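Small disclaimer: the values here were computed from a predicted structure and weren't measured.
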Amino acid sequence: MRPLYLTSARASGGMISTAPELMKFLKAFFNGELFAKSNIESVEWNKIQFSPLEYGKGMMRVKMPRIMSPFMPAPEIIGHSGSSGSFAFYCPSKQVYIVGTLNQTEKNPFQTIYTMLNCVD
């Protein structure tokens with residue numbers, strides 16, 4: 001018998017993982033262990049109107065203009081966020097990987113991500 005979470009519709013089209021497993025995947029992905037790094041470097045990003053979010057090759061990129069974040073630096077991050085507050089992002093300028101979950105659908109993870117990034121020199 002499969003555990004209930006594996007039969008749930010909540011993961012339809014998504015993935016179920018622990019944070020440590022997701023971190024391993026994220027690092028392998030961006031370090032070229034799963035695909036050639038040229039696949040990431042050659043992404044053509046599609047802008048979403050009136051948003052700092054861009055999408056390409058199944059990834060999300062957030063490039064926040066300083067005017068949208070005047071009190072807190074918001075460097076570029078690449079990865080994806082989930083529908084339940086989960087997230088997995090890489091910050092190229094700081095060479096930092098961030099994964100986690102807020103376990104809430106009402107909250108946007110980006111404030112938490114940028115707060116964490118601003119704690120890194």
Side-chain angles (χ1 to χ4, degrees):
M1 179 171 207
R2 283 190 263 166
L4 184 58
Y5 68 87
L6 291 177
T7 61
S8 168
R10 292 177 101 29
S12 61
M15 63 186 212
I16 297 171
S17 177
T18 64
E21 289 170 342
L22 188 55
M23 181 63 82
K24 283 181 188 177
F25 173 83
L26 191 67
K27 285 181 176 180
F29 183 89
F30 283 103
N31 288 321
E33 296 172 30
L34 301 177
F35 308 100
K37 283 188 175 185
S38 61
N39 287 327
I40 297 167
E41 295 162 356
S42 67
V43 173
E44 291 184 26
W45 298 103
N46 299 302
K47 294 182 184 244
I48 297 175
Q49 193 171 13
F50 307 117
S51 174
L53 297 177
E54 299 173 318
Y55 287 91
K57 291 189 177 180
M59 294 182 289
M60 175 188 290
R61 177 170 74 169
V62 182
K63 284 184 79 173
M64 189 95 56
R66 189 66 177 164
I67 197 160
M68 289 182 74
S69 183
F71 303 110
M72 181 187 311
E76 172 189 59
I77 55 175
I78 304 169
H80 219 287
S81 60
S83 61
S84 63
S86 58
F87 54 88
F89 283 94
Y90 171 59
C91 179
S93 66
K94 293 188 178 235
Q95 297 185 337
V96 171
Y97 302 87
I98 298 175
V99 300
T101 184
L102 301 175
N103 291 328
Q104 300 178 37
T105 56
E106 296 85 28
K107 292 203 175 183
N108 174 323
F110 297 108
Q111 183 175 1
T112 300
I113 292 167
Y114 283 117
T115 299
M116 291 167 37
L117 280 174
N118 283 308
C119 293
V120 177
D121 291 329

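By the 4.5 Å heavy-atom criterion applied to side chains, Phe29 and Ile40 are counted as neighbours. Looking at Val96 and Tyr90, their side chains never come closer than 4.5 Å, going by heavy atoms from C-beta outward. Within the 4.5 Å cutoff, side-chain heavy atoms of Ile48 are placed close to those of Tyr55. At a threshold of 4.5 Å between non-hydrogen side-chain atoms, the residues Glu76 and Val62 do not count as touching. By the 4.5 Å heavy-atom criterion applied to side chains, Ile77 and Arg61 are not counted as neighbours. The side-chain heavy atoms of Trp45 and Met59, taken from C-beta on, include a pair separated by under 4.5 Å. With contacts defined as side-chain heavy-atom distances shorter than 4.5 Å, the pair Leu117/Pro75 qualifies. Residues Leu34 and Phe25 form a side-chain contact, since some pair of their non-hydrogen atoms from C-beta on lies under 4.5 Å apart.
In terms of modelled atom types and a separation under 3.5 Å, the side chain of Lys63 and the main chain of Leu53 share no donor-acceptor contact. Under a 3.5 Å cut-off, the side chain of Gln95 and the backbone N or O of Pro92 do not form any donor-acceptor pair. A donor-acceptor pair under 3.5 Å links the side-chain atoms of Asn108 to the main chain of Phe110, judged by distance alone. Although no hydrogens or angles enter the test, the distance criterion places no donor-acceptor pair under 3.5 Å between the side chain of Asn39 and the main chain of Phe35.
Expressed to the nearest 0.5 Å, how far CD1 of Ile113 lies from CZ of Phe87 amounts to 5.0 Å.
In this structure, Gln111 places its CD atom where only 12 or fewer heavy-atom neighbours from other residues, nucleotides or ligands lie under 6.0 Å away. Annotation for Lys57: atom NZ counts as buried by contact number, over 12 foreign heavy atoms lying within 6.0 Å. Sparse packing is recorded around NZ of Lys24, with 12 or fewer heavy atoms of other residues, nucleotides or ligands lying under 6.0 Å away.
Considering every non-hydrogen atom in both Val120 and Lys94, the closest pair reads O-NZ, 2.8 Å. Nearest heavy atoms, Pro109 versus Leu102: CA-CD1, 3.6 Å. Closest approach of Ser17 and Leu22 over heavy atoms only: OG-N, 3.4 Å. The minimum heavy-atom distance between Tyr114 and Met64, with the atom names listed, is CE1-CE, 3.8 Å.
Between Tyr97 and Phe30, the angle of the ring planes lies from 30° to 60°, which puts this pair in the tilted group.
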